[in-house]
2 protein chains.
Amino acid sequence: MATGSRVTRQRSSVWLSERKTPRRKGDQQPVGLDRVKIVAATMRLLDAEGLSGFSMRRLAAELGVTAMSVYWYVETKDHLLELALDAAMGEIALPIEAVRPAEGCADPLAEPRDWREQLRQLASEYRQVLVRHPWLSALLGEYLNIGPNSMTFSNAAQAVMRNSGLPDDKITSALALVYQFVYGFGTNEARFAARCRAAGLSQDELFHDVMNLVEDRPEFDEPRQIMEARGGDTVEEMRDREFTFALDLAIAGIEALRTP
Amino acid sequence: MATGSRVTRQRSSVWLSERKTPRRKGDQQPVGLDRVKIVAATMRLLDAEGLSGFSMRRLAAELGVTAMSVYWYVETKDHLLELALDAAMGEIALPIEAVRPAEGCADPLAEPRDWREQLRQLASEYRQVLVRHPWLSALLGEYLNIGPNSMTFSNAAQAVMRNSGLPDDKITSALALVYQFVYGFGTNEARFAARCRAAGLSQDELFHDVMNLVEDRPEFDEPRQIMEARGGDTVEEMRDREFTFALDLAIAGIEALRTP
DNA sequence: ACCTGAACACCGTTCAAGT
DNA sequence: ACCTGAACACCGTTCAAGT
């Protein structure tokens, strides 16, 4: 109460506001900055320092420019982060048929594949981008997700799921099951990797450290056989198996509940 | 580069550090603050203002105390947030058998139930707490999740899944599939509700607004029949059905892939 | 059209000091 | 043992001014 009222931040998405700079008309004098460069530098910085290490001032320094210059090209920090988010989503490779369903298939290698295979590919790509850019999860959780690349991705996901044989009214459920799972899985994986980097440990080392810590705590009363059963030689191997089988479960569920 | 080196924040969890204040010995002079009160105020503030509206200074003001007083009871802001996280997880009601598996069942109403029913209960409870405390998702995604209540919850989840008939080496996959799904689902639901509050709109109003916006965008090329097929009279109804059926899919998958 | 500099209203946290 | 006040090194963003 003491500090009184507080502005509720409700700046709408970049994607719903007019571009700030008009497209360049003729050839003006050369300029150092532009949106593309700024977003690229943003992603570099985010990759290197994490979301909490990123600031407009730091970005400006990286670009060799004063703190306020960036604001010429971008309305707010939030808008800039939305641009980075969508750029990251653009790194996801999509199955060709999902993108252009009606295109003639001149390339025999590009022949339509099974929906399961396409689903697994999309899931794997999504997982990979989440791990490659550990800051992406938080942004996906914070902003509306309606940039062009995000839309293309979700359209592709829908297109794939429509081939599963599930009735129309179940498709969003199946999409939610699969992609929320991948999101959560990739988020955890990325966070763990970031912790490893920060602590200077390998994934296996940190994993065993955490295991030992947790096993000593009184609240941990679950049988270790489950922890051990998932085995595998390395943490990464264990995780891959876990991921693959979870997808298998989802796919099996879809196959079981579709009307044939 | 310009700003030089930067400390990588790697303060270990509250749960891995000694308590800051020793337990009170005799009866000292009455004190205004304590950890319980601080955490309660933290949660109130987080509920009211969101994570971005929360600050140590604001919390202190709320407690009618100077900014630095809180630091007597809590090492850092991060530690405080971890405490709030675990307190929120403590609000999840667990199936009785999952908590004390070996206890005699004197109460006939407490007789062991089907694992599917228990799974649905846990999923629903988890979803609800995520919606009740919209700040929880971000914290779950940021900190190690090893407070006592978090551990109890994950133990319960494991206990339930062990009754599914899935072989030991598949259990963590199934847990990941279900709970990551619920996490993502609840996160989105909470975020949407927060947006509604901020915009002063009902969920149905905002939903239709967003739908109209998105449909106008060139990238949105997916058939509206899927959007419409999931139907229901209200957004909430639609969401509940989506949630329920996604869980059905996961359960069907588990049933299909267990060895009977 | 593009960039700067100073300033405002915030942060989390340290540290020396009070009682 | 508990709380305060001043200070440090940061934030995002506004605004008037330069070229």
Side-chain angles (χ1 to χ4, degrees), chain A residues 2-11 14 17 19-38 42 45-46 49-82 142, chain B residues 2-11 14 17 19-38 42 45-46 49-82 142:
Chain A
T3 59
S5 75
R6 175 161 281 265
V7 185
T8 318
R9 180 176 37 146
Q10 178 58 6
R11 306 194 152 295
V14 221
S17 70
R19 271 198 104 253
K20 219 185 165 189
T21 23
R23 321 93 217 110
R24 201 161 314 289
K25 314 247 171 75
D27 41 334
Q28 243 95 337
Q29 85 264 24
V31 344
L33 252 43
D34 60 45
R35 257 195 175 182
V36 179
K37 257 185 229 165
I38 289 174
T42 298
L45 217 59
L46 285 168
E49 313 272 359
L51 194 53
S52 68
F54 176 82
S55 76
M56 295 301 270
R57 293 171 130 108
R58 209 145 145 42
L59 172 65
E62 193 78 10
L63 291 164
V65 105
T66 212
M68 287 313 301
S69 311
V70 179
Y71 282 94
W72 181 258
Y73 300 92
V74 133
E75 210 162 312
T76 63
K77 186 190 182 186
D78 286 299
H79 280 201
L80 177 53
L81 290 177
E82 272 190 282
E142 187 146 339
Chain B
T3 58
S5 75
R6 173 161 283 264
V7 186
T8 317
R9 182 174 36 145
Q10 177 59 5
R11 306 195 153 295
V14 219
S17 70
R19 273 198 102 252
K20 219 187 166 188
T21 25
R23 320 94 216 111
R24 201 163 314 291
K25 313 247 174 74
D27 39 337
Q28 243 95 334
Q29 84 264 24
V31 345
L33 252 44
D34 61 44
R35 256 194 175 183
V36 179
K37 258 186 229 164
I38 289 174
T42 299
L45 217 59
L46 285 168
E49 313 273 358
L51 194 54
S52 69
F54 176 82
S55 76
M56 295 302 269
R57 294 171 129 109
R58 211 145 142 42
L59 171 65
E62 193 79 8
L63 291 165
V65 105
T66 211
M68 287 313 299
S69 312
V70 180
Y71 282 94
W72 181 259
Y73 299 92
V74 135
E75 211 163 310
T76 62
K77 185 190 185 189
D78 285 299
H79 280 200
L80 178 52
L81 291 177
E82 272 191 283
E142 187 146 340

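Residue numbers start from 1 in every chain, and the chains themselves are labelled A, B, ... in the order their sequence lines are given, proteins ahead of strands.
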Item to check | B:L80 CG - C:dT13 P separation (whole Å) | outcome: 10 Å
Item to check | Pairing partner (Watson-Crick or G-U wobble, both distances under 3.5 angstrom) of C:dT19 | outcome: D:dA1
Checklist entry - C:dG12 C1' sits how many Å from B:H79 NE2, rounded? => result 14 Å
Next on the checklist: If I take atom CG in residue A:L59 and atom C1' in nucleotide D:dT13, what distance separates them, rounded to the nearest angstrom?
Outcome noted: 15 Å
Next on the checklist: On a heavy-atom basis, which atom in B:K37 and which in B:G32 lie closest, and how many Å separate them?
Outcome noted: NZ-O, 2.5 Å
Checklist entry - What is the distance from CZ of B:F54 to P of C:dG12, rounded to the nearest Å? => result 8 Å
Checklist entry - Between C:dA1 and A:Y73, is there an OP1 or OP2 to side-chain N/O distance shorter than 4.0 Å? => result no
Checklist outcome for this item: Here the distance between atom C1' of C:dT13 and atom CZ of B:R58, to the nearest Å, is 20 Å
Checklist entry - Looking at side-chain heavy atoms only, is the closest gap between A:L33 and A:S69 below 4.5 Å? => result yes
Next on the checklist: Tell me whether the side-chain N/O atoms of B:W72 come closer than 4.0 Å to OP1 or OP2 in D:dC2.
Outcome noted: yes
Checklist entry - B:Y71 OH to D:dT4 P: how many Å, rounded? => result 15 Å
Next on the checklist: Testing the basics here: between A:A67 and A:A60, what is the closest heavy-atom pair and its distance to 0.1 Å?
Outcome noted: CA-CB, 3.5 Å
Checklist entry - What are the two closest non-hydrogen atoms of A:F54 and A:L80, and how far apart are they? => result CZ-CD2, 4.0 Å
Next on the checklist: Whole angstroms only, please: what is the CD-C1' distance between A:E49 and D:dC11?
Outcome noted: 16 Å
Checklist entry - Rounded to the nearest Å, what distance is computed from the NZ atom of residue B:K77 to the C1' atom of nucleotide D:dC10? => result 13 Å
Checklist entry - Among the nucleotides C:dC3, C:dT13, C:dG12, which one has an atom lying closest to any side-chain atom of B:R57? => result C:dG12
Item to check | Complementary nucleotide for D:dA7 - Watson-Crick or wobble, under 3.5 Å | outcome: C:dT13
Next on the checklist: For D:dC3 and B:T66 - does any side-chain N or O of the residue sit under 4.0 Å from the phosphate oxygens OP1/OP2?
Outcome noted: no
Checklist entry - Between C:dT4, D:dT13, D:dC11, which nucleotide gets closest to the side-chain atoms of A:S55? => result D:dC11
Checklist outcome for this item: Picking from D:dA6, C:dC11, D:dC3, the nucleotide nearest the side-chain atoms of B:M68 would be D:dA6
Checklist entry - Quick one: CD on A:E142 to CG on B:L51, what's the gap to the nearest 0.5 Å? => result 8.5 Å
